[in-house]
Amino acid sequence: MNFAVGLKPPSSPGRGAGRGAAVENLEKQLICPVCLETFTKPVVILPCQHNLCRKCANDIFQSANPLWQARGPSSLAAGGGRFRCPSCRHEVVLDRHGVYGLQRNLLVENIIDLYRQQECSRLVSKKPEPQQQQQLMCEQHEDERINIYCVSCQQPTCSMCKVFGKHKDCDVEPLTSVYTKHKMELSDGIAILVATNDHIQAVISQMEEVCRTVEENGQRQREELHDRFDDLAAILDERKLELVGFIARQQDDKLQHVRSLIRHHGDELETAVTLVESAIQSMEEPHMPLFIQNATVILEKMAATSRASHTERPELGYETMSHFVLDTSDMADMLMHIDFSCSGTV
């Protein structure tokens, strides 16, 4: 259905001017000092209690810390950088989460939501011109205002349409009552949505905190795991040094024994060679009495040497070191299957 627009004289301004000044003051309080626009969610609160749009805060932070982004949000540096508040120049020191570690100002965000709702309602009922107010007129009956609502057809109409027009057999209600009812329903719907948004935002904040906690706990567990494996490696290195030392001592004992036998048999061999040389020289003695004397002495030495001589040697298999074989198959299998004491997924 088409409507014509009529005009009604304006009402007295009085109270609206005061309300306009209050709204203007509120608008000034909701302006971001960086982008000079109404705060956009999320709104972060700095340690100096001034507020910024998170995007604006992040832009300032990136400008002041150009290397932070190259390092990456997952970097485990001790600090996350710093920047100065654009309102009071207070230095803001951030943790490793950067701007995302700043607390959100849910109060300001809720005020912005309410402010925008009121502005939407005000714009709907705002006069198109300062001195004139619109009044919808019926297209079929140009002198009749739209003052009733056809429930059957779900459209506004005038009284003449109900009496003589196409809505005479329809159910109708006063336009003001339908307007009031719909406005209340819409207002209730807005309140429900705002409450739902607040709840969702609280849930998001909790989940962001869970993410930060998961990162911190994961890093702590990785460090603990590194320490445990370093302890195991230290134990293995220590035990390896002990076993290597034991093999070295056994090797030295065997070498010392065999080398001692070599020296002993070398001394016997040198004595025997010297005795053989003496006997050969005696064989060339032309005088029989001297030969007999020399031969008698040499024969006695030969007999003594023969009696004292015994060729001692290491027992069979003395040189083997196979008894030092280390069976690590069970230990290797155990190390391959090292796992957490509770392997269930949380």
Side-chain angles (χ1 to χ4, degrees), residues 70-72 74-78 215-346:
R71 201 170 64 224
S74 60
S75 173
L76 300 178
E215 289 179 353
E216 294 170 357
N217 290 341
Q219 176 60 24
R220 181 166 56 252
Q221 292 303 120
R222 284 195 295 272
E223 292 174 354
E224 183 176 346
L225 186 64
H226 282 302
D227 293 341
R228 293 295 179 91
F229 272 84
D230 289 344
D231 292 342
L232 290 177
I235 293 173
L236 288 174
D237 287 339
E238 182 178 358
R239 186 57 179 163
K240 181 180 71 174
L241 291 176
E242 292 177 356
L243 295 179
V244 167
F246 188 74
I247 294 175
R249 289 192 296 273
Q250 189 91 23
Q251 172 186 306
D252 292 342
D253 291 343
K254 288 192 174 188
L255 289 175
Q256 183 177 359
H257 175 64
V258 174
R259 286 168 180 166
S260 174
L261 291 178
I262 291 173
R263 288 193 299 271
H264 175 70
H265 292 315
D267 293 341
E268 288 184 347
L269 179 61
E270 185 178 355
T271 300
V273 169
T274 303
L275 190 58
V276 168
E277 290 175 353
S278 299
I280 292 173
Q281 291 177 1
S282 297
M283 294 291 290
E284 297 175 357
E285 177 61 48
H287 303 288
M288 288 188 290
L290 292 176
F291 172 76
I292 292 172
Q293 288 180 349
N294 292 335
T296 300
V297 173
I298 291 173
L299 288 172
E300 290 178 354
K301 289 182 179 180
M302 285 183 175
T305 300
S306 178
R307 288 193 302 270
S309 176
H310 62 284
T311 306
E312 181 183 354
R313 65 181 64 188
E315 63 273 12
L316 185 64
Y318 182 79
E319 69 279 4
T320 183
M321 303 285 279
S322 59
H323 57 288
F324 289 114
V325 172
L326 187 64
D327 184 8
T328 60
S329 57
D330 293 341
M331 185 65 66
D333 183 68
M334 185 187 71
L335 292 175
M336 286 294 295
H337 291 84
I338 286 180
D339 204 347
F340 302 107
S341 56
C342 180
S343 59
T345 302
V346 179

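Checking side-chain atoms of S260 against main-chain N and O of Q256 turns up no donor-acceptor pair under 3.5 Å. No donor-acceptor distance shorter than 3.5 angstrom exists from the side chain of S306 to the backbone of M302, with no hydrogens or angles considered.
Separating the CG atom in L255 from the CD1 atom in I262 is a distance of 9.5 Å, to the nearest 0.5 Å. Taken to the nearest 0.5 Å, the CG atom of N217 stands 11.5 Å off from the CD atom of E224. The distance from the CD atom of E270 to the OG1 atom of T274 is 5.5 Å, given to the nearest 0.5 Å. Going from atom CD1 of I235 over to atom NZ of K240 covers 14.5 Å, rounded to the nearest 0.5 Å. To the nearest 0.5 angstrom, M288 atom CE is 7.0 Å from I292 atom CD1. Atom CG of D227 sits about 11.0 Å away from atom CG of L232, to the nearest 0.5 Å.
Taking the side chain as every heavy atom from C-beta outward, E284 and F291 never approach each other to under 4.5 Å.
A salt bridge between E223 and R220 is absent, with no side-chain N of the basic residue lying under 4.0 Å from a carboxylate O of the acidic one.
Heavy atoms only, all atoms of each residue included: L261 and P314 are closest at CD1-CD, 4.0 Å. Nearest heavy atom pair, residue H257 against residue E312, reads CE1-OE2, 4.3 Å. Of all non-hydrogen atoms in I298 and S282, the two that sit nearest each other are CD1-OG, 2.9 Å. Annotation for D253 and Y318: closest pair O-OH, 4.2 Å, computed over non-hydrogen atoms.
Other residues, nucleotides and ligands contribute over 12 non-hydrogen atoms within 6.0 Å of the CD1 atom of I338. The local environment of NZ in K254 is crowded, with over 12 non-hydrogen atoms from other residues, nucleotides or ligands closer than 6.0 Å.
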Begin from the C-alpha positions of L236 and R239 and carry the test side chain to side chain contact (heavy atoms under 4.5 Å, CB included) through to its verdict.
-> CA-CA 5 Å; L236 288 174; R239 186 57 179 163; 5.8 Å; no
Evaluation steps, side chain to side chain contact (heavy atoms under 4.5 Å, CB included), between E242 and E238 = CA-CA 6 Å; E242 292 177 356; E238 182 178 358; 4.0 Å; yes
Which atom pairs, donor and acceptor, lie under 3.5 Å between side-chain atoms of residues 321-335 and protein residues at least two apart or in another chain?
from, atom 1, to, atom 2, distance (Å)
S322, OG, T320, OG1, 3.2
D327, OD1, S329, N, 3.2
D327, OD1, S329, OG, 2.9

